[in-house]
Amino acid sequence: MPTREPARPHGRHVPARTPARRTTGDVLAGLASLVVLVGLIGGVPYALLTFVGPPLSSELLRLDLITSNVGPSTMLALLVLLVWLAWFQLFVCVLVEVYAGVRRVGMPARVPLSGGTQALANKLVSAVLLLFTAGAMVAPIAKLTPTPAAPPVTAVAYSAPIVEQTLETHKTKKVYVVQPPHGRHHESLWEIAEKCLGDGRRYPEIYRLNQAKEQPDGTRLRMADLIRPGWVLDMPDDARNVHIVPSGQPREQTLREHPGRAHVPHDSAGKEHTAPKKAETQKKGEAKHRLPEQPQEEKRADQEPIIQEAQRADLFDYLAPASLAAAGLLLVLARRRREQLWRRVFGRRIVRPRDDAAQAEVALRLGGDAPGARILDLGLRVLGAELAAQNRTPPTVYGAHLSARSLDLWIHPPDDDPPDPWTAQDGGQVWRLPAHEGRLLPERRITEGGGDPPTGPRHAQPGGAPYPGLVSIGTDASGRVLIDLEAAQGLINVRGPQTTAALAAIAVELATNRWSDRMRITLVGFGEELTVIAPDRIRAVGSLAEVLPELEATAAPRREVLTGRVTGSPRSAHYLLSAVAPTHEEARRLALLARKDTAGYVVTGEIPHATWTLEISEDGRARIAELGFEVEAQLLPRRHYRALIDLFRTAGRLDGEAIPEAEPLEGLHPPAVEIRMLGPIEVAGLRPLEEGRMALATELLVYLATHPGGVHPVVLGGVLWPRGVQDMVRDATIARVAEWLGPEHLRTDEAGRLRLGPDVRTDWALFRELVRRSQGDPTARAVLLEKALGLVRGPLLTGRPPGRYAWLAADDLEYDVAAAVADVAHQLGEIRLAHGQPDAAVAAVRAALLLAADDEGLWRDLLRATHATGDDVRLRAVVEGLTRRAATHPYGGGLAPETEALIEELLPTWRIHVVRESTA
């Protein structure tokens with residue numbers, strides 16, 4: 001029975017219960033099919049009974065039928081029987097198809113000897129069900145064909161991409177290679193049209209030729225005013241100053257063979273084709289923006305960071321918008337970094353990412369939505385806990401929408417009585433958690449020693465995760481859209497040119513999300529490298545045949561699993577993501593399995609009996625017609641996938657890197673302007689700017705101060721505005737900061753780079769200079785190291801606004817500062833202990849812990865220094881504080897094995913006291 005469409009909260013698209021975008025043709029086809037079905041199922045037997053009689057006439061019931069002569073009446077009776085049998089066969093086929101469609105059993109059962117008849121029934125029933133059934137909860141019925149021979153198993157894998165190319169050498173096309181910027185000048189489609197077509201107003205022709213086509217760097221042209229160096233643009237047939245290449249040549253090959261500007265072509269008489277005078281005038285205008293002529297090698301060195309900045313910008317296009325996946329990845333990454341710090345040795349920093357891996361982390365920091373992930377996690381857990389307290393089974397959640405205003409769950413069946421703080425909308429079809437209520441939810445208590453969890457002021461303590469299969473498919477105008485892989489209760493089919501990129505994005509978010517407990521993810525035909533990110537959750541296999549028997553043996557009923565999750569006895573959630581197209585038999589087994597199992601099955605290939613079909617279009621749109629969802633797809637293309645893998649491989653390295661030596665300062669006199677970074681951000685020596693501009697101006701100063709070699713304005717714009725900025729805005733900001741600093745403190749060198757003057761200094765530069773001088777003066781070493789630690793006031797750059805300073809992920813600063821401060825404290829602590837001053841050693845270590853609290857080596861130094869005081873009560877307090885911190889650490893992981901071993905050595909009875917503390 002159809003249900004009414006829910007209202008559309010906040011003006012966004014809400015799924016209807018009937019399939020989205022049903023056309024007039026669909027309605028007419030459904031009505032026509034209904035008439036034909038009624039005629040065949042009801043009209044045919046009525047006509048037979050009225051005009052010729054029942055299936056078995058008296059002629060066929062005669063005892064001497066076989067031995068007597070067969071006359072015309074007997075032949076007619078046999079023909080009538082055959083017609084009745086044909087009708088009965090059709091009737092059975094219709095019943096089977098209706099049962100399969102309405103009850104969603106997956107692959108309809110085969111009626112013997114009914115291939116053509118069942119195919120006809122399938123077509124008619126499909127059209128009628130599409131007309132009458134609720135799209136959100138009914139499996140679409142597709143054409144049945146005779147069982148084909150098992151096709152060869154194919155997979156799309158990142159490790160061995162296959163490109164099939166047909167190159168017709170007699171056909172060519174014209175292309176233009178977008179060139180690197182000259183100074184502050186970048187090419188635009190208008191200029192390219194003016195230069196190659198003679199009229200800038202023809203730029204829409206170039207845009208239409210190239211819209212949504214993949215470029216060598218993996219991105220696509222989506223906005224006419226945004227093109228990037230290294231793109232290869234198809235050009236109209238009358239274009240000049242272009243390259244002529246085979247029509248089927250890949251863009252990557254074109255770029256390799258034609259990296260520079262095209263030579264001006266000559267006609268048959270050997271005369272040069274000349275561009276119109278308007279283009280020449282434009283070239284003269286460009287010359288005003290170019291840097292002075294330099295040797296070729298120097299030019300390349302100067303332009304390299306600018307080109308790299310442009311080429312890496314596309315990493316933000318996919319990773320930053322994946323806000324929930326980014327939040328989960330950052331949490332897992334932070335745990336790995338904490339484990340790296342457990343094993344960091346004196347004089348070395350942990351290994352930092354480089355190139356695309358570093359830019360990937362910048363994008364994750366920029367886009368990660370930790371508050372949204374927290375609300376989704378705690379909101380669902382509180383919902384499950386409240387329902388369990390009321391002895392209610394959680395409803396089916398087939399979709400969710402997370403925005404800045406609320407978290408909405410689309411549920412089935414409708415229920416207008418959700419537990420507090422959730423509210424019902426649209427007749428109970430939507431349960432909503434307002435964002436302000438979500439922020440008040442209590443955190444889960446993470447303990448190692450047990451004990452009763454605290455109860456929040458208004459809501460139950462969060463319990464188990466009831467919906468671990470919720471995963472993003474993309475974004476709409478107001479927020480993020482998620483589907484529950486388990487709610488389909490059938491196969492989810494992914495189709496389109498970017499299926500593996502969609503599967504990879506789903507796998508990464510599932511493996512790192514906060515709103516799940518125990519989970520297993522099986523990847524078929526792709527993603528073996530993803531085990532680097534979540535080895536305890538992900539496994540990769542080569543074929544469906546390897547996992548189907550296990551899946552069939554471990555299937556569990558949905559109601560039992562949901563109840564267990566909210567009552568404290570959860571089963572491990574399981575999701576299958578396959579880039580391998582299943583054979584017909586594998587598809588049948590998967591469909592039957594998905595019907596009875598609480599799990600999620602996402603499969604590529606042509607799966608006509610899938611419950612939901614996720615279609616990924618060429619331009620990156622994701623659509624599930626059965627739910628009415630159409631969003632900007634969340635994808636993880638090959639390059640971005642590799643960048644994430646490299647990032648996590650780097651986070652698993654334990655060898656460390658040498659800390660670069662500092663450039664010596666000319667003197668230690670007080671600077672005219674001091675930028676303080678070793679704690680709360682402060683700028684001393686300048687008048688304050690208005691509040692709305694101070695944060696950006698300070699970040700600009702910090703970046704310039706930590707890059708004394710100079711920064712080109714284009715690079716600086718990419719750092720401060722990673723999502724892009726107009727040149728006019730960037731230049732105005734730089735001019736404002738230059739006026740604030742004064743010309744003596746902000747200069748531009750001959751290459752156009754910005755540099756700070758010698759009278760601008762950071763406390764970090766002073767710290768490094770004091771440490772450098774201490775190495776050459778043993779008598780003053782302790783005093784200089786103590787002065788250096790005195791500059792530390794808290795964590796690095798405390799108080800930086802959310803969403804800013806993401807560039808730190810691709811910079812040495814964080815890694816160098818944390819390692820250097822910890823090493824200075826370790827060195828000074830050893831000096832103080834050697835001189836019989838354990839209290840001074842404790843003070844040195846505690847000063848460093850203000851900034852490098854996750855460095856486990858510092859905690860071990862604190863334990864040794866405190867033990868040296870001879871005060872067991874004081875030592876026990878340090879141990880208890882350290883174990884509490886480890887148990888509640890946001891990154892988890894407990895204590896490092898080396899730290900536990902040291903505590904056992906210094907305080908053998910510590911575990912007894914920890915147990916008493918936790919049970920008190």
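All residue numbers in this chain count up from 1 along the given sequence. What's counted below: heavy atoms across the whole structure, side chains too, no hydrogens, waters or symmetry copies. Here the structure is a predicted model, which is why all the values come from computation and not from measurement.
- Between Ala487 and Thr396, the shortest heavy-atom contact is CB-CG2, 3.7 Å.
- Salt bridge annotation for Arg432-Asp426: absent, with no cationic side-chain nitrogen under 4.0 angstrom from a carboxylate oxygen.
- For Val631, the side chain to side chain contact (heavy atoms under 4.5 Å, CB included) test picks out Ile473, Asp476, Val481, Ala622, with sequence neighbours left out.
- In terms of heavy-atom proximity, Leu331 sits nearest to Tyr891 at CD1-CD2, 3.9 Å.
- Taking each heavy atom of Val532 and Ile645 in turn, the nearest pair found is CG1-O, 4.4 Å.
- Between the Asn493 side chain and the Val603 main chain, a donor and an acceptor come within less than 3.5 Å of each other.
- Using bins of under 30°, 30° to 60° and over 60° for the plane-to-plane angle, the ring pair Trp410/Phe629 lands in the tilted bin.
- Interatomic distance, CG of Asp417 versus CZ of Arg392, reported as 5.0 Å (0.5 Å rounding).
- Atom-to-atom distance recorded for Asn513:CG and Leu376:CG is 8.0 Å, nearest 0.5 angstrom.
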Stepwise salt bridge (Lys or Arg N to Asp or Glu O under 4.0 Å) check, Arg621 with Glu615: CA-CA 8 Å; Arg621 299 287 295 175; Glu615 297 178 358; over 6 Å; no
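- Closest approach of Trp431 and Asp415 over heavy atoms only: NE1-O, 2.7 Å.
- Ser403 places a side-chain N or O within 3.5 Å of a backbone atom of Arg405 that can act as its donor or acceptor partner.
- Side-chain atoms of Arg514 do not come within 3.5 Å of backbone N or O of Ala370 as any donor-acceptor pair.
- Formation of a donor-acceptor pair under 3.5 Å by the Arg336 side chain with backbone atoms of Ile533 is found in this model.
- When every heavy atom of Leu407 is checked against every heavy atom of Ala400, the shortest pair comes out as CD1-CB, 4.5 Å.
- One finds the CZ atom of Arg495 at 12.0 Å from the CZ atom of Arg623 (value rounded to the nearest 0.5 Å).
- Using modelled atom types, one side-chain atom of Arg537 and one backbone atom of Leu510 make a donor-acceptor pair closer than 3.5 Å.
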Report, one line per pair, each donor and acceptor closer than 3.5 Å where one atom sits in a side chain of residues 502-509; sequence neighbours left out.
residue : atom : partner : partner atom : Å
Glu509  : OE1  : Ser472  : OG           : 3.1
Glu509  : OE1  : Gln634  : NE2          : 3.0
Glu509  : OE2  : Ser472  : N            : 2.9
Glu509  : OE2  : Ser472  : OG           : 3.0

Arg539 and Glu550: CA distance, side-chain angles, deciding distance, salt bridge (Lys or Arg N to Asp or Glu O under 4.0 Å) verdict: CA-CA 14 Å; Arg539 67 166 175 168; Glu550 176 189 339; 3.0 Å; yes
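- Thr554 is not listed as a side-chain neighbour of His574, based on a closest heavy-atom distance of 4.5 Å or more.
- Between Gly372 and Leu402, the shortest heavy-atom distance links the atoms O-CD2, 3.7 Å.
- The shortest side-chain heavy-atom distance between Leu470 and Leu380 falls under the 4.5 Å cut-off.
- The structure places CD of Glu552 at 8.5 Å from CG of Leu592, a figure rounded to the nearest 0.5 Å.
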